[in-house]
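Each chain gets a letter, A, B and so on, in the order the sequences are listed, and its residues count up from 1. Values below: all heavy atoms of this structure, side chains included; hydrogens, waters and symmetry mates excluded.
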There are 2 protein chains.
Amino acid sequence: MQDPTETGGEPSPGLVSTAIQAITQHIRSEGLAAGDPLPSEAAMTRQLNVSRTVVREAFRSLSAMRLIDMSAGRRATVAKLDTGAMSMVIEHGITTQQISVHQVYDVRRTIEMRTVALAALRRTEAEAAAIAQSARLMRENFQNPEIVMEHDIAFHEAIAAASHNPVFSLIVTAFSGVTRRTWVIGWRTRSSSEDQLKMIKGHEDIAEAILKGDPRLAAEHMAQHFDKSVKALLDAGIA
Amino acid sequence: MQDPTETGGEPSPGLVSTAIQAITQHIRSEGLAAGDPLPSEAAMTRQLNVSRTVVREAFRSLSAMRLIDMSAGRRATVAKLDTGAMSMVIEHGITTQQISVHQVYDVRRTIEMRTVALAALRRTEAEAAAIAQSARLMRENFQNPEIVMEHDIAFHEAIAAASHNPVFSLIVTAFSGVTRRTWVIGWRTRSSSEDQLKMIKGHEDIAEAILKGDPRLAAEHMAQHFDKSVKALLDAGIA
DNA sequence: GATAACAACCTGTCATACAGGTTTCAAGGG
DNA sequence: CCCTTGAAACCTGTATGACAGGTTGTTATC
């Protein structure tokens, strides 16, 4: 039925994929930035000569990946960089057992040894304070694992942010979901309060090294932190 | 009437988001693995008591993130781990100028210093051969930049695969799109054939170190490779 | 028992309809 | 003149029905 001069020749694995490409292509060719509005569904429908169903599924797909923002009544807009899609991919890999928690931790260790060094070199005063603040809140709430975990996650994300490289932030944040699922296990393995406080001390050491601007020391503390975390997970039988 | 507390809001007021969660939840609770079939759209429609439109947009969204595979006539199936979504996020960040090529290279350098060390430790004979093969093909086709680039990308992906950690593969592959867009620029900066061959020699050194099983040497060569690549991009004026 | 036609089911796409949110702009009141 | 107000125009969210075409299992035929 529809035969609008297929340019290029790709027999198309589906009209929706074509529409998705058209939209991303539009963003690129128009040089749109985060917040800029996209064409309406109706306009896209006319331009591509397909039904609104197809255009809509394309928009919705991009929205699911958080490349665009949609909300009722308003045109879709280009989205700010967001972890949404990435964390879903990681989660999917974990739940379908295609990747293991241990493998994620190896990647985290690799990346965070770098973010912490960069943070020590590039952090602003405010960022150093935020990092130290998270560590302090971990200690103050150390009886409540859930709260400690949230501050732990915030701690690592703050370090990534202080690296001033959003790609690192993106990846670190994408792993936070996995952390939420396994953190408590590692915490329980640290049977004594002493062990738990020692682990919190590790965070404070990292924060301090960042504050002092010593990348080598910061990386060293981070490595120790991860080695202990991985060991705790291994002791708990997490593959 | 603006409510800035909207960012990162969890309360998704859409039926589609609910449906997406229901599907991923189904995968989790049923313990599905890659290749397993999902309920049909009709079944989901009944279960969630929403229209097929909604269910379909949910399926399509998951398909766009490559969490599930869809094809006409057949039920959707759980997908194998794939880079699709991740590379789109990275591309989006680049095209909307929220991240720079330089930042991507810093992340690549960080990750590939690790993958190359792991590859040296864990590679099979076949993997070592594949890596060396890519390096050889780079040399054999060194007059043709496009082909050299493809083998370069294959080279790095093969190293990631040899690390035996799919998360590394995932990330490295996600960056390949960026490489395709900037590689030629770096190549041109290496004005003389001599420089270009020197760069290929760098790849061969890496391959050899992996074959010898020397992680420290491999990482060192990889670091040099990236330092030169970044310098080439900087010389070309890429931010 | 093998094979070919068929029926049941499934996804891909289209058309239409309507509810509800958002923006725009002009008319009316201060 | 400015501000408020309200309606119209536009937009997205969801539902329904229809049909084409692919896939699979079953049955009838050889």
Side-chain angles (χ1 to χ4, degrees), chain A residues 1-6 10-23 26-27 30 32 35-79, chain B residues 1-7 9-23 26-27 30 32 35-79:
Chain A
M1 187 82 152
Q2 81 306 339
D3 183 15
T5 62
E6 269 298 343
E10 272 302 322
S12 97
L15 300 186
V16 175
S17 304
T18 308
I20 290 177
Q21 270 196 303
I23 297 168
H26 175 90
I27 295 176
E30 297 292 309
L32 299 187
D36 291 346
L38 279 77
S40 70
E41 293 174 2
M44 250 333 158
T45 292
R46 281 190 299 274
Q47 182 190 322
L48 299 178
N49 205 34
V50 294
S51 72
R52 192 184 157 207
T53 306
V54 169
V55 171
R56 214 182 139 60
E57 287 185 10
F59 271 96
R60 184 66 81 170
S61 294
L62 292 171
S63 168
M65 286 186 278
R66 309 287 193 104
L67 302 192
I68 67 176
D69 289 324
M70 298 175 75
S71 66
R74 286 198 302 247
R75 306 237 296 258
T77 59
V78 177
Chain B
M1 272 316 223
Q2 319 297 4
D3 190 345
T5 65
E6 183 57 55
T7 34
E10 208 36 60
S12 45
L15 300 187
V16 175
S17 304
T18 308
I20 290 178
Q21 271 196 303
I23 297 168
H26 175 90
I27 295 176
E30 298 291 310
L32 300 187
D36 291 347
L38 279 78
S40 72
E41 292 175 1
M44 232 6 138
T45 292
R46 283 190 299 274
Q47 181 189 323
L48 298 178
N49 207 36
V50 294
S51 73
R52 192 186 159 204
T53 306
V54 169
V55 170
R56 216 182 138 60
E57 287 186 11
F59 270 93
R60 185 66 82 171
S61 294
L62 292 171
S63 168
M65 286 186 275
R66 309 289 191 103
L67 302 193
I68 67 176
D69 290 323
M70 298 175 77
S71 69
R74 284 199 301 253
R75 306 236 297 260
T77 58
V78 176

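For the pair A:L38 CG and C:dT22 C1', the computed distance is 17 Å after rounding to whole Å. The interatomic distance linking A:R46 (CZ) with C:dC14 (C1') rounds to 17 Å, in whole Å. Computed from coordinates, the A:E41 CD to C:dT16 P distance equals 17 Å when rounded to whole Å. In this structure, B:L48 places its CG atom 10 Å from P of D:dA15, rounding to the nearest Å. Summarising the geometry, the separation between CG on A:N49 and P on C:dT13 is reported as 14 Å, rounded to the nearest angstrom.
Closest heavy-atom contact between A:F59 and A:I68: O-CD1, 3.4 Å. Among all heavy-atom pairs drawn from A:L38 and A:I23, the shortest one is CD2-CG2, 3.4 Å. Considering every non-hydrogen atom in both A:V50 and A:L15, the closest pair reads CG1-CD1, 4.0 Å.
DNA chain D is contacted by B:A72, B:G73, B:R74 of residues 67-76 of chain B, taking any non-hydrogen atom closer than 4.0 Å. At a non-hydrogen distance threshold of 4.0 Å, A:S51, A:R52, A:T53, A:V54 from residues 51-64 of chain A come into contact with DNA chain C.
Not a single donor-acceptor pair under 3.5 Å links the side chain of A:R75 to the backbone N or O of A:P39. Between the side chain of B:S71 and the backbone N or O of B:R74, no donor-acceptor pair lies under 3.5 Å.
Applying the side chain to side chain donor-acceptor pair (under 3.5 Å) definition to pairs two or more places apart or across chains, those involving residues 51-61 of chain A are A:E41-A:R52, A:E41-A:R56, A:R56-B:E57, A:E57-B:R56, A:E57-B:R60, A:R60-B:E57.
The closest side-chain heavy-atom distance from A:H26 to A:L32 is below 4.5 Å. At a threshold of 4.5 Å between non-hydrogen side-chain atoms, the residues B:I27 and B:V78 count as touching.
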